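First comes the structure, then the notes that go with it.
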Amino acid sequence: MSENQITDDLSQVLRHRREKLEAIVERGMEPFAYNFSPTSSSAATIKAFEAAEAAESLGENGHGTHVKLGGRIVGWRDMGRSVFAHIEDGHGRLQLYFRKNVVGEESFEALSLLDVSDWIGAEGPTFRTQTGEVTVQVESWTLLTKSLRPLPFGKVETDQESGERTVYGGFQDQETRYRQRYADLAVHPDVRDVFRTRSRVISELRRFLDEQGFLEVETPVLQPLYGGASATPFVTHHEALDQTMYLRIADELYLKRLIVGGLDRVYEISKDFRNEGLSRVHNPEFTMLEWYQAFSDYEDQMDLVERMVLHVLDTVIGERVIRLGEQEIPVSVPFRRLGLVSGLSEALHQDVHEMSDEELRAKAEEFEIPDLDGAGRGKLIDKLFGELVEPGLMEPTFVIDHPKELSPLAKSHRGDPRLTERFEMYIGGAEIFNAFSELNDPIDQRERFEAQAAMREAGDNEAQQIDDDYIRALEYGMPPTGGVGMGVDRFVMMLTGQTSIRDVILFPILRTED
RNA sequence: GACCCGGUAGCUCAGUUGGCAGAGCAACUGACUUUUAAUCAGUAGGUCGUGGGUUCGAGCCCCACCCGGGUCACCA
């Protein structure tokens with residue numbers, strides 16, 4: 001197929017851009033420049049101009065400092081012998097003003113080859129227009145990158161009095177926004193802000209743990225046995241070893257091996273993988289933070305989680321409030337602590353410990369909880385709690401002391417052998433943290449694994465596998481240890497007010513196109 | 001996996017009872033030297049998600065499928 005035929009197949013809009021590209025090359029201009037050295041950013045330019053204005057140090061004609069900026073054209077208004085444009089440079093938006101008698105005839109005519117979404121460099125003095133906007137009076141400009149495909153910028157109206165921004169048209173289609181995240185980011189500054197916040201949250205989590213003396217480590221992503229959670233793994237195969245491998249579903253068992261080895265405070269920020277459905281709060285590939293601290297128990301870890309959450313709110317968000325849609329959730333310590341069994345007892349107006357398995361099952365059926373086949377006592381309690389109590393846990397809440405059957409890696413509760421020393425921390429109705437006083441008795445651990453294996457035999461393919469090497473590690477002796485896992489994506493959702501996990505993951509999993 | 005909603009121009013969307021496929025913005029041509037959703041005049045732009053079917057005639061009705069969103073289920 002010849003070049004012309006390819007061009008003929010393109011839509012009108014794309015064809016026009018190719019034609020401009022040809023015209024640019026014919027003029028001897030470089031459509032894909034090699035580098036550019038700006039002297040300022042749009043935000044800094046506006047700030048400097050306003051400062052000079054306040055200090056009454058503007059030059060003749062009300063001109064401020066001479067700046068050189070690079071950015072993407074996001075708006076274009078052609079007035080004949082002058083043009084107003086807006087560029088965006090990652091630090092904000094700034095207006096450029098081109099006049100034919102300032103830039104010169106040849107340079108001005110070349111402006112007709114520019115389009116919205118091109119990258120350009122421009123320089124000149126700053127001034128304030130009659131309508132009051134800080135603007136660069138362009139003296140010269142250069143093309144940095146010709147865009148061959150227009151970005152779907154909406155038109156933005158800014159209300160002069162309220163400063164409220166209204167976007168007309170724009171880029172709404174969710175599917176295209178996720179598939180072409182580059183375009184979503186290019187067009188939506190608020191989407192860029194979400195991911196900047198995400199990055200700062202992760203930096204502050206690291207800084208917080210580093211300052212507490214934790215060591216950041218890396219453990220295997222490819223594992224011969226998977227464990228540490230109840231989930232279905234992704235399965236792959238190593239050719240040279242001719243061996244089945246699994247993508248990790250959790251980091252837990254490897255990190256606790258390190259505690260055995262004497263690395264007494266460790267953490268890992270990792271991608272974990274679970275071969276499960278997608279939802280508003282589930283992506284098959286997600287980011288987990290896990291940490292383990294020798295000599296501590298789950299009470300100590302509740303204190304640490306409280307301090308960690310406050311640290312991130314203080315350093316990244318700047319206020320101790322979480323905003324979810326219309327709701328404002330104040331965050332203050334200590335967080336509420338709610339026994340799983342006592343919370344459920346309260347909701348049922350009945351002491352759950354006094355109820356028989358049959359009574360629990362009857363209750364679950366009364367609330368039309370599905371999929372109760374083969375559910376044991378622990379699962380029934382958990383299901384009922386999830387149905388009746390969990391949705392109301394908006395303020396940060398530690399749900400504590402889960403039934404043993406549900407927690408094969410947690411230590412028995414020191415005061416009640418039916419329970420474990422465990423907490424799950426909820427904010428905005430979503431589980432963010434999960435933690436235990438870690439089970440370090442290798443004999444008990446083997447029994448728990450065997451109970452899991454029995455559940456597996458019975459058809460529960462998410463029950464955990466027996467990990468003999470892990471038992472061997474525990475036999476060498478793991479000190480008392482508290483450990484915590486945190487769903488980083490969900491935490492970022494809470495901090496940025498996003499209601500879908502896809503909106504805090506740059507490239508969420510989608511079915512492949514075509 | 002089940003149910004609901006959606007897929008029409010580059011973008012945002014209309015499309016009546018089945019009867020020539022539409023608007024706004026963007027694009028293109030022209031006018032305009034402080035505009036800012038610039039304005040004014042004109043032009044062009046379509047695999048109506050895909051494949052079948054019914055019909056003289058399908059964007060619209062029927063069947064199957066693909067993709068996405070939401071709810072539920074599943075899910076430490």
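Order of the sequence lines sets the chain letters (A, B, ...), proteins ahead of strands, with each chain counted from 1. If you're wondering where the values come from, they're calculated on a predicted model, not measured in any experiment. What you see below is based on every heavy atom in this structure, not just the backbone, and it leaves out hydrogens, waters and symmetry mates.
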B:G68, OP1 or OP2 - any side-chain N/O from A:R511 closer than 4.0 Å? yes
Nearest-neighbour nucleotide for the A:R422 side chain, B:A26, B:A76, B:U34 considered: B:A76
If you measure from the C1' atom in B:G49 to the same atom in B:A9, how many Å do you get, rounded? 15 Å
Could you check which of B:U35, B:U34, B:A37 has an atom nearest any side-chain atom of A:Q130? B:U34
Kindly say if A:S230 contacts the phosphate of B:A76, meaning a side-chain N or O under 4.0 Å from OP1 or OP2. yes
Looking at the side chain of A:N434, which of B:A76, B:C28, B:U33 is the nearest nucleotide? B:A76
Establish, with yes or no, whether the OP1 or OP2 oxygen of B:G70 is under 4.0 angstrom from a side-chain nitrogen or oxygen of A:R280. no
If you assign each of A:Y178 and A:M288 to its closest nucleotide in RNA chain B, which residue comes earlier from the 5' end? A:Y178
Could you check whether the side chain of A:Q95 and the base of B:U35 have a donor-acceptor pair of N or O atoms closer than 3.5 Å, going by distance alone? yes
Integer angstrom distance from the C1' of B:C25 to that of B:A44: 16 Å
I'd like to know if A:R77 reaches the base of B:U35 with its side chain, counting only an N/O donor and acceptor under 3.5 Å. yes
B:C74 phosphate, OP1 or OP2: any side-chain N/O from A:K383 under 4.0 angstrom? yes
Could you check which of B:A37, B:U33, B:G69 has an atom nearest any side-chain atom of A:Q174? B:G69
A:D503 CG to B:G68 P: how many Å, rounded? 15 Å
Using both distances under 3.5 Å as the test, list the Watson-Crick or G-U wobble partner of B:A2, or none. B:U71
Verify salt bridge (Lys or Arg N to Asp or Glu O under 4.0 Å) between A:K20 and A:D118, making sure each step is shown before the conclusion. CA-CA 12 Å; A:K20 286 187 183 182; A:D118 288 351; over 6 Å; no
Would you tell me if any nitrogen or oxygen in the side chain of A:K20 comes within less than 4.0 Å of OP1 or OP2 on B:A27? no
Think A:K155 has a side-chain N or O under 4.0 angstrom from the OP1 or OP2 of B:A38? yes
Is a donor-acceptor pair below 3.5 Å formed from side chain A:S82 to base B:U34, judging by atom type as modelled? no
With rounding to the closest Å, how many angstrom separate the P atoms on B:C40 and B:U47? 30 Å
State whether the side chain of A:E290 and the backbone N or O of A:E252 hold a donor-acceptor pair below 3.5 Å, judged by distance alone. yes
Anything under 30° is parallel, anything over 60° is perpendicular, the rest tilted; go ahead and classify A:Y97 against A:F84. parallel
Are A:H188 and A:R177 side-chain neighbours, meaning at least one heavy-atom pair lies under 4.5 Å? yes
Does a nitrogen or oxygen in the side chain of A:R502 sit under 4.0 Å from OP1 or OP2 of B:G69? yes
